[in-house]
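Lettering follows sequence order; numbering is per chain, from 1.
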Protein chains: 2
Amino acid sequence: MTQTPDAVCVQSLVALFTIDDRPPGRRAPGQPPKELKVLLLGPEGDSGAWRLPGGPVTGQDTLVRAALRTLGEGVGPGIHLEQLRTYDDLDPGPPRTIVVAHIGLVPPAVREAVRPSSPATWVPVDEPPLHAPGRLPLVAGHARVLAEALQRLRNKVDYTLLAFQMLPEEFTMSELRQVYEAILGEDLGTSDERRKANFERSIRLLNERVGRLMEARTGVFQPPIVRTGRTRKGPRGPAAHLYRFVGDITLITK
Amino acid sequence: MTQTPDAVCVQSLVALFTIDDRPPGRRAPGQPPKELKVLLLGPEGDSGAWRLPGGPVTGQDTLVRAALRTLGEGVGPGIHLEQLRTYDDLDPGPPRTIVVAHIGLVPPAVREAVRPSSPATWVPVDEPPLHAPGRLPLVAGHARVLAEALQRLRNKVDYTLLAFQMLPEEFTMSELRQVYEAILGEDLGTSDERRKANFERSIRLLNERVGRLMEARTGVFQPPIVRTGRTRKGPRGPAAHLYRFVGDITLITK
DNA sequence: CCAAAAGTGTTGAATATACACCCATGT
DNA sequence: ACATGGGTGTATATTCAACACTTTTGG
(Lines give C-alpha, C1' and ligand atoms only; values in the text may rest on other atoms or scores of the structure.)
Protein backbone atom coordinates (compact mmCIF):
# COMPACT_ATOMS: atom_id res chain seq x y z
CA MET A 1 0.00 0.00 0.00
CA THR A 2 1.24 3.45 -0.84
CA GLN A 3 1.82 6.07 1.82
CA THR A 4 -0.96 8.65 1.92
CA PRO A 5 -1.10 11.84 3.96
CA ASP A 6 -3.40 12.04 6.97
CA ALA A 7 -4.10 8.33 6.86
CA VAL A 8 -6.00 6.59 9.65
CA CYS A 9 -7.41 3.09 10.07
CA VAL A 10 -11.07 2.49 9.32
CA GLN A 11 -12.90 -0.48 10.77
CA SER A 12 -16.33 -1.60 9.61
CA LEU A 13 -18.37 -3.40 12.27
CA VAL A 14 -21.79 -5.01 12.18
CA ALA A 15 -24.27 -6.07 14.82
CA LEU A 16 -26.01 -8.96 13.05
CA PHE A 17 -29.44 -9.74 14.47
CA THR A 18 -31.77 -12.64 13.91
CA ILE A 19 -34.91 -14.08 15.46
CA ASP A 20 -34.81 -17.61 16.84
CA ASP A 21 -37.07 -19.87 18.82
CA ARG A 22 -36.53 -19.58 22.53
CA PRO A 23 -35.66 -23.00 23.97
CA PRO A 24 -38.61 -24.22 26.06
CA GLY A 25 -36.30 -24.72 29.00
CA ARG A 26 -35.35 -21.04 29.10
CA ARG A 27 -38.87 -19.75 28.59
CA ALA A 28 -40.27 -18.24 31.76
CA PRO A 29 -44.05 -17.84 31.89
CA GLY A 30 -45.09 -14.65 30.12
CA GLN A 31 -41.95 -14.52 28.00
CA PRO A 32 -42.36 -14.47 24.23
CA PRO A 33 -41.69 -17.79 22.43
CA LYS A 34 -39.05 -16.20 20.19
CA GLU A 35 -35.94 -14.23 21.04
CA LEU A 36 -33.63 -11.73 19.42
CA LYS A 37 -30.04 -12.89 18.99
CA VAL A 38 -26.83 -11.16 17.97
CA LEU A 39 -23.80 -12.78 16.35
CA LEU A 40 -20.58 -12.63 18.38
CA LEU A 41 -17.17 -13.93 17.31
CA GLY A 42 -14.94 -15.76 19.72
CA PRO A 43 -11.83 -14.40 21.39
CA GLU A 44 -8.90 -13.66 19.09
CA GLY A 45 -5.32 -13.62 20.21
CA ASP A 46 -4.80 -13.24 23.95
CA SER A 47 -7.54 -10.74 24.75
CA GLY A 48 -10.11 -13.34 25.75
CA ALA A 49 -12.84 -10.93 24.70
CA TRP A 50 -15.71 -11.62 22.31
CA ARG A 51 -16.43 -9.14 19.53
CA LEU A 52 -18.80 -8.02 16.83
CA PRO A 53 -17.95 -9.19 13.29
CA GLY A 54 -16.09 -6.78 11.06
CA GLY A 55 -12.68 -5.78 9.87
CA PRO A 56 -10.50 -3.10 8.36
CA VAL A 57 -11.50 -1.22 5.23
CA THR A 58 -8.66 -1.82 2.81
CA GLY A 59 -7.97 -1.29 -0.87
CA GLN A 60 -11.21 -0.69 -2.74
CA ASP A 61 -13.44 -2.69 -0.41
CA THR A 62 -16.77 -1.15 0.41
CA LEU A 63 -17.88 -0.66 3.99
CA VAL A 64 -20.38 -3.48 3.51
CA ARG A 65 -17.75 -5.90 2.21
CA ALA A 66 -15.43 -5.07 5.09
CA ALA A 67 -18.20 -5.63 7.62
CA LEU A 68 -19.19 -9.03 6.20
CA ARG A 69 -15.79 -10.28 5.05
CA THR A 70 -15.14 -12.79 7.83
CA LEU A 71 -18.62 -14.29 7.63
CA GLY A 72 -18.08 -16.66 4.74
CA GLU A 73 -18.59 -16.76 0.99
CA GLY A 74 -21.90 -15.67 -0.42
CA VAL A 75 -22.96 -13.76 2.67
CA GLY A 76 -24.66 -10.50 1.79
CA PRO A 77 -27.70 -11.24 -0.35
CA GLY A 78 -30.77 -11.57 1.79
CA ILE A 79 -29.28 -9.58 4.65
CA HIS A 80 -30.53 -6.06 5.30
CA LEU A 81 -27.62 -3.82 6.23
CA GLU A 82 -27.85 -0.21 7.35
CA GLN A 83 -25.48 2.16 9.05
CA LEU A 84 -25.75 2.79 12.75
CA ARG A 85 -23.14 5.51 13.22
CA THR A 86 -19.43 6.19 12.99
CA TYR A 87 -17.29 6.36 16.11
CA ASP A 88 -14.05 8.26 16.60
CA ASP A 89 -13.55 7.22 20.22
CA LEU A 90 -14.17 3.49 20.21
CA ASP A 91 -10.64 2.25 19.70
CA PRO A 92 -8.18 4.28 21.76
CA GLY A 93 -5.39 3.47 19.32
CA PRO A 94 -2.73 3.88 18.24
CA PRO A 95 -3.10 3.53 15.39
CA ARG A 96 -5.80 6.14 15.16
CA THR A 97 -8.98 4.22 14.27
CA ILE A 98 -12.39 5.27 13.00
CA VAL A 99 -15.16 2.68 13.38
CA VAL A 100 -18.18 2.57 11.09
CA ALA A 101 -20.87 0.49 12.80
CA HIS A 102 -23.77 -1.20 11.02
CA ILE A 103 -26.95 -3.03 11.88
CA GLY A 104 -27.66 -6.24 9.96
CA LEU A 105 -30.89 -8.20 9.92
CA VAL A 106 -30.68 -11.88 8.96
CA PRO A 107 -33.78 -13.85 7.96
CA PRO A 108 -33.90 -17.46 9.18
CA ALA A 109 -33.35 -18.87 5.69
CA VAL A 110 -30.05 -17.00 5.38
CA ARG A 111 -28.77 -17.75 8.86
CA GLU A 112 -27.12 -21.01 7.83
CA ALA A 113 -25.13 -19.20 5.14
CA VAL A 114 -23.39 -17.16 7.84
CA ARG A 115 -20.28 -19.22 8.55
CA PRO A 116 -17.69 -17.15 10.38
CA SER A 117 -14.08 -18.23 9.92
CA SER A 118 -13.59 -18.16 13.68
CA PRO A 119 -15.69 -19.59 16.54
CA ALA A 120 -18.95 -17.72 16.85
CA THR A 121 -22.33 -17.85 18.59
CA TRP A 122 -25.72 -16.32 18.26
CA VAL A 123 -26.29 -14.84 21.69
CA PRO A 124 -29.72 -13.82 23.07
CA VAL A 125 -29.53 -10.06 23.61
CA ASP A 126 -31.55 -9.95 26.80
CA GLU A 127 -30.15 -12.92 28.64
CA PRO A 128 -26.89 -14.15 30.00
CA PRO A 129 -24.22 -14.53 28.70
CA LEU A 130 -24.52 -10.89 27.64
CA HIS A 131 -25.66 -9.88 31.11
CA ALA A 132 -24.85 -10.95 34.61
CA PRO A 133 -24.31 -13.52 35.95
CA GLY A 134 -21.41 -15.20 34.19
CA ARG A 135 -21.15 -12.26 31.84
CA LEU A 136 -19.44 -12.88 28.52
CA PRO A 137 -16.52 -10.46 28.11
CA LEU A 138 -16.74 -8.09 25.11
CA VAL A 139 -14.02 -6.09 23.38
CA ALA A 140 -13.89 -2.53 24.74
CA GLY A 141 -16.49 -0.40 23.01
CA HIS A 142 -18.37 -3.25 21.40
CA ALA A 143 -20.87 -3.38 24.26
CA ARG A 144 -21.66 0.27 23.57
CA VAL A 145 -22.13 -0.37 19.84
CA LEU A 146 -24.39 -3.31 20.58
CA ALA A 147 -26.47 -1.29 23.02
CA GLU A 148 -26.91 1.54 20.53
CA ALA A 149 -27.72 -0.88 17.71
CA LEU A 150 -30.35 -2.53 19.85
CA GLN A 151 -31.83 0.81 20.84
CA ARG A 152 -32.00 1.93 17.23
CA LEU A 153 -33.55 -1.34 16.09
CA ARG A 154 -36.21 -1.08 18.77
CA ASN A 155 -36.96 2.52 17.83
CA LYS A 156 -37.10 1.89 14.10
CA VAL A 157 -39.16 -1.24 14.26
CA ASP A 158 -42.35 0.65 14.85
CA TYR A 159 -42.14 3.21 12.12
CA THR A 160 -40.48 1.02 9.46
CA LEU A 161 -40.98 -2.47 8.03
CA LEU A 162 -37.70 -3.82 9.45
CA ALA A 163 -39.41 -6.58 11.41
CA PHE A 164 -40.40 -8.32 8.18
CA GLN A 165 -36.73 -8.76 7.35
CA MET A 166 -36.40 -11.35 10.10
CA LEU A 167 -39.41 -13.46 9.14
CA PRO A 168 -39.38 -16.59 6.98
CA GLU A 169 -40.86 -16.43 3.47
CA GLU A 170 -44.23 -17.53 4.78
CA PHE A 171 -45.44 -16.65 8.24
CA THR A 172 -48.57 -16.52 10.37
CA MET A 173 -49.89 -13.48 12.19
CA SER A 174 -48.77 -15.06 15.43
CA GLU A 175 -45.21 -15.39 14.19
CA LEU A 176 -45.26 -11.79 13.09
CA ARG A 177 -46.44 -10.76 16.53
CA GLN A 178 -43.79 -12.94 18.15
CA VAL A 179 -41.07 -11.24 16.10
CA TYR A 180 -42.24 -7.84 17.32
CA GLU A 181 -42.33 -9.21 20.85
CA ALA A 182 -38.81 -10.60 20.58
CA ILE A 183 -37.44 -7.29 19.30
CA LEU A 184 -39.30 -5.06 21.72
CA GLY A 185 -39.22 -7.43 24.68
CA GLU A 186 -42.87 -6.63 25.26
CA ASP A 187 -46.00 -8.75 25.34
CA LEU A 188 -48.25 -7.82 22.42
CA GLY A 189 -50.81 -10.56 22.82
CA THR A 190 -49.07 -13.92 23.09
CA SER A 191 -49.65 -14.07 26.82
CA ASP A 192 -51.92 -11.09 27.38
CA GLU A 193 -54.86 -11.91 25.20
CA ARG A 194 -56.33 -8.44 25.54
CA ARG A 195 -53.57 -6.79 23.49
CA LYS A 196 -53.75 -9.25 20.63
CA ALA A 197 -56.58 -7.50 18.79
CA ASN A 198 -54.76 -4.19 18.95
CA PHE A 199 -51.64 -5.68 17.39
CA GLU A 200 -53.54 -7.28 14.53
CA ARG A 201 -55.43 -4.06 13.93
CA SER A 202 -52.23 -2.02 13.86
CA ILE A 203 -50.85 -4.44 11.28
CA ARG A 204 -54.00 -4.12 9.19
CA LEU A 205 -53.74 -0.33 9.34
CA LEU A 206 -50.04 -0.46 8.48
CA ASN A 207 -50.82 -2.73 5.55
CA GLU A 208 -53.41 -0.34 4.18
CA ARG A 209 -51.24 2.71 4.75
CA VAL A 210 -48.37 1.14 2.83
CA GLY A 211 -50.79 -0.04 0.16
CA ARG A 212 -52.03 3.50 -0.35
CA LEU A 213 -48.45 4.76 -0.34
CA MET A 214 -47.59 2.35 -3.15
CA GLU A 215 -50.72 3.40 -5.00
CA ALA A 216 -49.63 7.02 -4.85
CA ARG A 217 -46.20 5.98 -6.12
CA THR A 218 -46.96 3.34 -8.73
CA GLY A 219 -50.65 3.70 -9.45
CA VAL A 220 -51.41 0.22 -8.11
CA PHE A 221 -52.88 -0.30 -4.65
CA GLN A 222 -50.44 -2.90 -3.34
CA PRO A 223 -50.47 -3.75 0.39
CA PRO A 224 -47.19 -5.49 1.26
CA ILE A 225 -48.66 -8.28 3.37
CA VAL A 226 -50.60 -10.76 1.27
CA ARG A 227 -52.33 -14.03 2.14
CA THR A 228 -50.87 -17.00 0.36
CA GLY A 229 -54.18 -18.84 0.62
CA ARG A 230 -52.51 -21.66 2.52
CA THR A 231 -52.81 -22.32 6.24
CA ARG A 232 -50.63 -23.97 8.83
CA LYS A 233 -51.51 -25.91 11.93
CA GLY A 234 -49.75 -25.08 15.15
CA PRO A 235 -49.56 -27.31 18.23
CA ARG A 236 -52.88 -25.93 19.45
CA GLY A 237 -55.97 -24.29 18.08
CA PRO A 238 -57.25 -23.83 14.57
CA ALA A 239 -55.03 -23.51 11.53
CA ALA A 240 -53.58 -20.05 10.94
CA HIS A 241 -53.51 -18.22 7.63
CA LEU A 242 -50.11 -17.87 6.00
CA TYR A 243 -48.85 -14.55 4.68
CA ARG A 244 -45.97 -13.31 2.55
CA PHE A 245 -44.28 -9.94 2.50
CA VAL A 246 -44.00 -8.64 -1.06
CA GLY A 247 -43.00 -5.02 -0.40
CA ASP A 248 -39.82 -3.09 0.16
CA ILE A 249 -38.28 -3.30 3.63
CA THR A 250 -36.64 0.11 3.25
CA LEU A 251 -39.95 1.93 2.94
CA ILE A 252 -40.69 4.32 5.76
CA THR A 253 -44.21 3.89 7.02
CA LYS A 254 -44.91 7.19 8.71
CA MET B 1 3.01 10.52 10.62
CA THR B 2 3.90 6.88 11.00
CA GLN B 3 2.94 4.31 8.40
CA THR B 4 0.03 2.17 9.51
CA PRO B 5 -1.37 -0.91 7.82
CA ASP B 6 -4.62 -0.67 5.89
CA ALA B 7 -4.66 3.10 6.16
CA VAL B 8 -7.17 5.17 4.24
CA CYS B 9 -8.11 8.87 4.28
CA VAL B 10 -11.08 9.98 6.32
CA GLN B 11 -12.86 13.22 5.57
CA SER B 12 -15.41 14.80 7.89
CA LEU B 13 -18.00 16.95 6.13
CA VAL B 14 -20.87 19.04 7.45
CA ALA B 15 -23.97 20.54 5.89
CA LEU B 16 -24.48 23.61 8.09
CA PHE B 17 -28.02 24.94 8.02
CA THR B 18 -29.50 28.15 9.30
CA ILE B 19 -32.75 30.10 8.98
CA ASP B 20 -32.64 33.61 7.56
CA ASP B 21 -35.12 36.24 6.48
CA ARG B 22 -36.07 35.93 2.86
CA PRO B 23 -35.29 39.21 1.08
CA PRO B 24 -38.60 40.91 0.24
CA GLY B 25 -37.55 41.13 -3.39
CA ARG B 26 -37.26 37.35 -3.70
CA ARG B 27 -40.48 36.59 -1.85
CA ALA B 28 -43.15 35.37 -4.22
CA PRO B 29 -46.72 35.53 -2.91
CA GLY B 30 -47.48 32.50 -0.78
CA GLN B 31 -43.82 31.86 0.02
CA PRO B 32 -42.79 31.83 3.68
CA PRO B 33 -41.02 34.96 4.95
CA LYS B 34 -37.99 32.95 6.09
CA GLU B 35 -35.77 30.54 4.20
CA LEU B 36 -33.42 27.67 4.94
CA LYS B 37 -29.81 28.26 3.94
CA VAL B 38 -26.75 26.03 3.75
CA LEU B 39 -23.13 27.14 4.06
CA LEU B 40 -20.96 26.56 0.99
CA LEU B 41 -17.26 27.29 0.68
CA GLY B 42 -15.84 28.84 -2.47
CA PRO B 43 -13.81 27.05 -5.12
CA GLU B 44 -10.39 25.84 -4.05
CA GLY B 45 -7.54 25.19 -6.44
CA ASP B 46 -8.51 24.84 -10.08
CA SER B 47 -11.71 22.85 -9.71
CA GLY B 48 -14.02 25.84 -9.74
CA ALA B 49 -16.52 23.87 -7.71
CA TRP B 50 -18.12 24.93 -4.44
CA ARG B 51 -18.12 22.53 -1.52
CA LEU B 52 -19.44 21.69 1.92
CA PRO B 53 -17.16 22.62 4.84
CA GLY B 54 -14.96 19.91 6.29
CA GLY B 55 -11.57 18.40 6.17
CA PRO B 56 -9.39 15.38 6.82
CA VAL B 57 -9.40 13.60 10.16
CA THR B 58 -5.80 13.69 11.33
CA GLY B 59 -3.90 12.98 14.48
CA GLN B 60 -6.23 12.78 17.44
CA ASP B 61 -8.84 15.18 16.08
CA THR B 62 -12.44 14.16 16.61
CA LEU B 63 -14.86 13.95 13.71
CA VAL B 64 -16.54 17.10 15.00
CA ARG B 65 -13.30 19.07 15.15
CA ALA B 66 -12.37 17.99 11.64
CA ALA B 67 -15.77 19.02 10.30
CA LEU B 68 -15.64 22.49 11.88
CA ARG B 69 -11.91 23.20 11.63
CA THR B 70 -11.99 25.64 8.72
CA LEU B 71 -14.88 27.64 10.15
CA GLY B 72 -12.94 29.80 12.58
CA GLU B 73 -11.98 29.86 16.23
CA GLY B 74 -14.65 29.23 18.80
CA VAL B 75 -17.07 27.61 16.40
CA GLY B 76 -18.77 24.62 17.94
CA PRO B 77 -20.63 25.76 21.04
CA GLY B 78 -24.22 26.62 20.18
CA ILE B 79 -24.20 24.50 17.05
CA HIS B 80 -26.12 21.24 17.05
CA LEU B 81 -24.13 18.60 15.17
CA GLU B 82 -25.28 15.11 14.35
CA GLN B 83 -24.12 12.45 11.96
CA LEU B 84 -25.86 11.96 8.65
CA ARG B 85 -24.03 8.90 7.32
CA THR B 86 -20.67 7.66 6.17
CA TYR B 87 -19.91 7.27 2.47
CA ASP B 88 -17.41 4.94 0.86
CA ASP B 89 -18.16 5.98 -2.70
CA LEU B 90 -18.17 9.76 -2.58
CA ASP B 91 -14.56 10.44 -3.46
CA PRO B 92 -13.38 8.12 -6.23
CA GLY B 93 -9.80 8.41 -5.05
CA PRO B 94 -6.99 7.62 -5.05
CA PRO B 95 -6.19 7.94 -2.27
CA ARG B 96 -8.99 5.76 -0.95
CA THR B 97 -11.27 8.12 1.00
CA ILE B 98 -14.09 7.55 3.49
CA VAL B 99 -16.37 10.53 4.09
CA VAL B 100 -18.27 11.00 7.34
CA ALA B 101 -21.06 13.50 6.71
CA HIS B 102 -22.80 15.54 9.39
CA ILE B 103 -25.76 17.86 9.72
CA GLY B 104 -25.21 21.09 11.65
CA LEU B 105 -27.86 23.53 12.83
CA VAL B 106 -26.76 27.10 13.51
CA PRO B 107 -28.92 29.52 15.52
CA PRO B 108 -28.94 33.13 14.30
CA ALA B 109 -26.92 34.34 17.30
CA VAL B 110 -24.08 31.98 16.41
CA ARG B 111 -24.10 32.62 12.68
CA GLU B 112 -21.72 35.54 12.91
CA ALA B 113 -19.18 33.41 14.74
CA VAL B 114 -18.90 31.19 11.67
CA ARG B 115 -16.02 32.79 9.77
CA PRO B 116 -14.64 30.38 7.18
CA SER B 117 -11.00 30.92 6.21
CA SER B 118 -11.98 30.85 2.54
CA PRO B 119 -14.78 32.64 0.65
CA ALA B 120 -18.16 31.31 1.64
CA THR B 121 -21.86 31.99 1.28
CA TRP B 122 -25.07 30.98 2.90
CA VAL B 123 -27.10 29.67 -0.02
CA PRO B 124 -30.90 29.22 0.03
CA VAL B 125 -31.50 25.51 -0.42
CA ASP B 126 -34.58 25.75 -2.59
CA GLU B 127 -33.56 28.54 -4.95
CA PRO B 128 -30.91 29.29 -7.48
CA PRO B 129 -27.92 29.28 -7.29
CA LEU B 130 -28.32 25.68 -6.06
CA HIS B 131 -30.79 24.90 -8.80
CA ALA B 132 -31.21 25.89 -12.40
CA PRO B 133 -30.86 28.39 -13.93
CA GLY B 134 -27.28 29.57 -13.47
CA ARG B 135 -26.60 26.60 -11.25
CA LEU B 136 -23.72 26.87 -8.84
CA PRO B 137 -21.25 24.04 -9.45
CA LEU B 138 -20.67 21.68 -6.52
CA VAL B 139 -17.83 19.24 -5.88
CA ALA B 140 -18.76 15.75 -7.06
CA GLY B 141 -20.77 13.98 -4.41
CA HIS B 142 -21.47 17.05 -2.31
CA ALA B 143 -24.82 17.63 -4.01
CA ARG B 144 -25.81 14.13 -2.96
CA VAL B 145 -24.72 14.74 0.63
CA LEU B 146 -26.65 18.00 0.71
CA ALA B 147 -29.77 16.38 -0.71
CA GLU B 148 -29.66 13.58 1.85
CA ALA B 149 -28.98 16.02 4.69
CA LEU B 150 -31.96 18.10 3.65
CA GLN B 151 -34.18 15.06 3.39
CA ARG B 152 -33.14 13.87 6.84
CA LEU B 153 -33.63 17.31 8.36
CA ARG B 154 -37.13 17.52 6.87
CA ASN B 155 -37.99 14.06 8.14
CA LYS B 156 -36.62 14.62 11.63
CA VAL B 157 -38.11 18.04 12.15
CA ASP B 158 -41.54 16.68 12.88
CA TYR B 159 -40.68 14.04 15.41
CA THR B 160 -37.86 15.89 17.17
CA LEU B 161 -37.25 19.38 18.54
CA LEU B 162 -34.58 20.25 15.97
CA ALA B 163 -36.48 23.29 14.69
CA PHE B 164 -35.89 25.08 17.98
CA GLN B 165 -32.15 24.93 17.38
CA MET B 166 -32.48 27.49 14.60
CA LEU B 167 -34.54 30.02 16.52
CA PRO B 168 -33.24 33.07 18.41
CA GLU B 169 -33.27 33.06 22.21
CA GLU B 170 -36.69 34.68 22.23
CA PHE B 171 -39.22 34.09 19.52
CA THR B 172 -42.89 34.51 18.72
CA MET B 173 -45.26 31.75 17.66
CA SER B 174 -45.22 33.22 14.16
CA GLU B 175 -41.46 32.96 13.97
CA LEU B 176 -41.64 29.37 15.15
CA ARG B 177 -44.18 28.66 12.44
CA GLN B 178 -42.04 30.41 9.86
CA VAL B 179 -39.05 28.25 10.81
CA TYR B 180 -41.08 25.11 10.25
CA GLU B 181 -42.30 26.54 6.96
CA ALA B 182 -38.77 27.37 5.85
CA ILE B 183 -37.53 23.87 6.63
CA LEU B 184 -40.48 21.99 5.18
CA GLY B 185 -41.20 24.39 2.34
CA GLU B 186 -44.86 24.18 3.21
CA ASP B 187 -47.42 26.77 4.22
CA LEU B 188 -48.51 26.15 7.80
CA GLY B 189 -50.59 29.27 8.29
CA THR B 190 -48.60 32.32 7.25
CA SER B 191 -50.51 32.63 4.01
CA ASP B 192 -53.26 30.09 4.48
CA GLU B 193 -54.99 31.33 7.57
CA ARG B 194 -56.98 28.14 7.97
CA ARG B 195 -53.94 26.07 8.87
CA LYS B 196 -52.62 28.48 11.44
CA ALA B 197 -54.75 27.20 14.31
CA ASN B 198 -53.72 23.62 13.62
CA PHE B 199 -50.04 24.50 13.81
CA GLU B 200 -50.42 26.29 17.12
CA ARG B 201 -52.44 23.41 18.50
CA SER B 202 -49.83 20.87 17.43
CA ILE B 203 -47.19 22.96 19.19
CA ARG B 204 -49.31 23.10 22.34
CA LEU B 205 -49.73 19.32 22.24
CA LEU B 206 -46.01 18.84 21.62
CA ASN B 207 -45.25 21.12 24.55
CA GLU B 208 -47.46 19.14 26.88
CA ARG B 209 -46.15 15.81 25.64
CA VAL B 210 -42.58 16.87 26.26
CA GLY B 211 -43.58 18.33 29.62
CA ARG B 212 -45.05 15.00 30.67
CA LEU B 213 -41.97 13.21 29.35
CA MET B 214 -39.76 15.37 31.53
CA GLU B 215 -42.05 14.77 34.47
CA ALA B 216 -41.66 11.02 34.02
CA ARG B 217 -37.89 11.49 33.87
CA THR B 218 -37.19 14.15 36.50
CA GLY B 219 -40.35 14.33 38.56
CA VAL B 220 -40.99 17.92 37.49
CA PHE B 221 -43.59 18.76 34.85
CA GLN B 222 -41.49 20.99 32.62
CA PRO B 223 -42.80 21.94 29.17
CA PRO B 224 -39.89 23.20 27.05
CA ILE B 225 -41.60 26.24 25.54
CA VAL B 226 -42.21 28.93 28.13
CA ARG B 227 -43.59 32.46 27.85
CA THR B 228 -41.12 35.13 28.86
CA GLY B 229 -43.96 37.49 29.76
CA ARG B 230 -42.71 40.04 27.28
CA THR B 231 -44.29 40.84 23.94
CA ARG B 232 -43.01 42.22 20.65
CA LYS B 233 -44.69 44.40 18.09
CA GLY B 234 -44.48 43.42 14.43
CA PRO B 235 -45.13 45.69 11.47
CA ARG B 236 -48.85 44.91 11.67
CA GLY B 237 -51.40 43.78 14.16
CA PRO B 238 -51.21 43.40 17.93
CA ALA B 239 -48.08 42.56 19.86
CA ALA B 240 -47.10 38.88 19.95
CA HIS B 241 -46.09 36.93 23.03
CA LEU B 242 -42.43 36.01 23.29
CA TYR B 243 -41.30 32.48 24.18
CA ARG B 244 -38.08 30.76 25.11
CA PHE B 245 -37.02 27.17 24.63
CA VAL B 246 -35.63 25.73 27.85
CA GLY B 247 -35.52 22.02 27.01
CA ASP B 248 -33.13 19.63 25.38
CA ILE B 249 -33.01 19.68 21.58
CA THR B 250 -31.87 16.06 21.43
CA LEU B 251 -35.05 14.77 23.03
CA ILE B 252 -37.16 12.58 20.77
CA THR B 253 -40.78 13.57 20.90
CA LYS B 254 -42.53 10.44 19.73
C1' DC C 1 -63.86 -30.47 29.92
C1' DC C 2 -60.19 -27.18 29.60
C1' DA C 3 -56.34 -24.56 28.16
C1' DA C 4 -54.06 -22.60 24.25
C1' DA C 5 -54.36 -20.47 19.94
C1' DA C 6 -56.91 -18.02 15.92
C1' DG C 7 -59.88 -14.46 15.00
C1' DT C 8 -63.73 -10.57 15.44
C1' DG C 9 -66.15 -6.70 17.83
C1' DT C 10 -66.96 -2.47 20.90
C1' DT C 11 -65.99 1.64 23.16
C1' DG C 12 -63.84 5.97 24.89
C1' DA C 13 -59.73 8.92 24.68
C1' DA C 14 -56.25 11.24 22.11
C1' DT C 15 -54.88 13.26 17.91
C1' DA C 16 -55.16 15.19 13.26
C1' DT C 17 -57.51 18.03 9.91
C1' DA C 18 -60.63 21.29 7.89
C1' DC C 19 -62.81 25.46 8.56
C1' DA C 20 -64.95 29.84 10.95
C1' DC C 21 -64.40 33.71 13.58
C1' DC C 22 -62.79 37.92 16.44
C1' DC C 23 -59.41 41.56 17.72
C1' DA C 24 -55.68 44.99 16.96
C1' DT C 25 -53.24 48.16 14.09
C1' DG C 26 -50.77 50.51 10.20
C1' DT C 27 -51.75 52.39 5.69
C1' DA D 1 -62.08 50.70 4.98
C1' DC D 2 -59.26 47.11 4.66
C1' DA D 3 -55.39 44.14 4.45
C1' DT D 4 -52.24 42.01 7.59
C1' DG D 5 -51.01 39.65 11.61
C1' DG D 6 -52.19 37.72 16.47
C1' DG D 7 -55.16 34.63 18.79
C1' DT D 8 -59.33 31.39 19.87
C1' DG D 9 -63.11 28.08 18.89
C1' DT D 10 -65.75 24.10 16.72
C1' DA D 11 -66.81 19.86 14.07
C1' DT D 12 -65.39 15.62 11.95
C1' DA D 13 -62.40 11.74 10.84
C1' DT D 14 -58.80 8.82 12.15
C1' DT D 15 -56.09 6.39 15.23
C1' DC D 16 -54.83 4.41 19.79
C1' DA D 17 -55.70 1.61 23.73
C1' DA D 18 -58.30 -1.15 26.87
C1' DC D 19 -61.35 -4.86 27.20
C1' DA D 20 -65.02 -8.69 25.80
C1' DC D 21 -66.18 -12.36 23.24
C1' DT D 22 -66.44 -16.62 19.81
C1' DT D 23 -64.37 -20.61 17.63
C1' DT D 24 -61.19 -24.46 16.99
C1' DT D 25 -58.59 -28.27 18.63
C1' DG D 26 -55.09 -31.20 21.37
C1' DG D 27 -54.61 -33.32 25.73
Side-chain angles (χ1 to χ4, degrees), chain A residues 21 24 27 29-34 158-159 170-178 180-181 184 186-213 225 227-228 230-243 253-254, chain B residues 21 24 27 29-34 158-159 170-178 180-181 184 186-213 225 227-228 230-243 253-254:
Chain A
D21 292 320
R27 184 179 172 197
Q31 271 190 324
K34 295 189 189 294
D158 53 46
Y159 65 95
E170 292 197 326
F171 54 89
T172 67
M173 275 294 146
S174 289
E175 287 176 316
L176 176 58
R177 170 163 32 82
Q178 288 163 13
Y180 273 91
E181 288 175 337
L184 297 172
E186 186 184 352
D187 192 328
L188 298 172
T190 295
S191 299
D192 184 352
E193 194 199 278
R194 294 172 307 178
R195 300 186 176 185
K196 198 171 43 169
N198 294 334
F199 176 79
E200 308 229 358
R201 184 185 345 275
S202 74
I203 293 295
R204 253 200 307 281
L205 289 172
L206 168 69
N207 204 27
E208 289 162 19
R209 213 169 42 235
V210 173
R212 284 193 301 270
L213 226 161
I225 306 167
R227 277 199 175 166
T228 64
R230 284 199 292 274
T231 60
R232 179 197 295 159
K233 274 287 301 142
R236 283 286 155 73
H241 291 278
L242 284 170
Y243 297 84
T253 64
K254 270 181 198 166
Chain B
D21 292 320
R27 184 179 173 199
Q31 270 190 324
K34 294 187 188 295
D158 54 45
Y159 66 93
E170 294 197 324
F171 54 89
T172 67
M173 275 295 145
S174 289
E175 288 177 317
L176 175 58
R177 171 164 32 84
Q178 288 162 14
Y180 273 90
E181 287 175 337
L184 297 172
E186 189 184 349
D187 191 329
L188 298 172
T190 293
S191 299
D192 184 353
E193 194 197 277
R194 293 173 307 180
R195 299 185 177 186
K196 199 171 44 171
N198 294 334
F199 176 79
E200 309 229 356
R201 184 186 345 276
S202 74
I203 294 296
R204 253 200 307 282
L205 289 171
L206 168 69
N207 204 27
E208 287 162 20
R209 219 176 28 241
V210 174
R212 286 193 300 269
L213 227 159
I225 306 167
R227 278 200 176 164
T228 63
R230 284 202 291 276
T231 59
R232 178 196 296 159
K233 276 286 302 145
R236 285 284 154 73
H241 292 278
L242 285 169
Y243 297 84
T253 65
K254 270 182 196 167

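If you take CD of B:E181 and P of D:dG5, they are 11 Å apart, rounded to a whole angstrom. A straight line from CG of B:D192 to C1' of C:dA18 spans 10 Å, rounded to a whole angstrom. We find that CZ of B:F171 is positioned 14 Å from P of D:dG6, with the value rounded to whole Å. With rounding to whole Å, B:I203 atom CD1 is found 14 Å from D:dT8 atom P.
Between B:T172 and B:L242 the shortest side-chain heavy-atom distance falls below 4.5 Å. Using a 4.5 Å heavy-atom cutoff, the side chains of B:Y180 and B:I203 are in contact.
Taking B:R204 as the reference, nothing meets the side-chain hydrogen bond (donor to acceptor under 3.5 Å, both in side chains) condition, with sequence neighbours excluded.
In this structure, the side chain of B:R27 engages the main chain of B:Q31 through a donor-acceptor pair within 3.5 Å. Distance alone, capped at 3.5 Å, is enough to place a donor-acceptor pair between the B:D187 side chain and the B:T190 backbone. Judged by distance alone, the side chain of A:Q178 and the main-chain N or O of A:D21 form no donor-acceptor pair under 3.5 Å.
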Table of protein N/O atoms under 3.5 Å from nucleotides 2-8 of chain C N/O atoms:
| residue | atom | partner | partner atom | Å |
| --- | --- | --- | --- | --- |
| C:dA6 | OP1 | A:S174 | OG | 2.5 |
| C:dA6 | OP2 | A:S174 | OG | 2.2 |
| C:dA6 | N7 | A:K196 | NZ | 2.8 |
| C:dG7 | OP1 | A:H241 | N | 3.2 |
| C:dG7 | N7 | A:K196 | NZ | 3.3 |

Write out a two-atom table: protein N or O, nucleotide N or O from nucleotides 15-17 of chain D, distance below 3.5 Å.
| residue | atom | partner | partner atom | Å |
| --- | --- | --- | --- | --- |
| D:dA17 | N7 | A:N198 | OD1 | 3.4 |

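In this structure, A:R232 pairs ionically with A:E175, as a charged nitrogen and a carboxylate oxygen lie closer than 4.0 Å.
Heavy-atom minimum distance, A:M173 versus A:Y243: CG-CE1, 3.7 Å.
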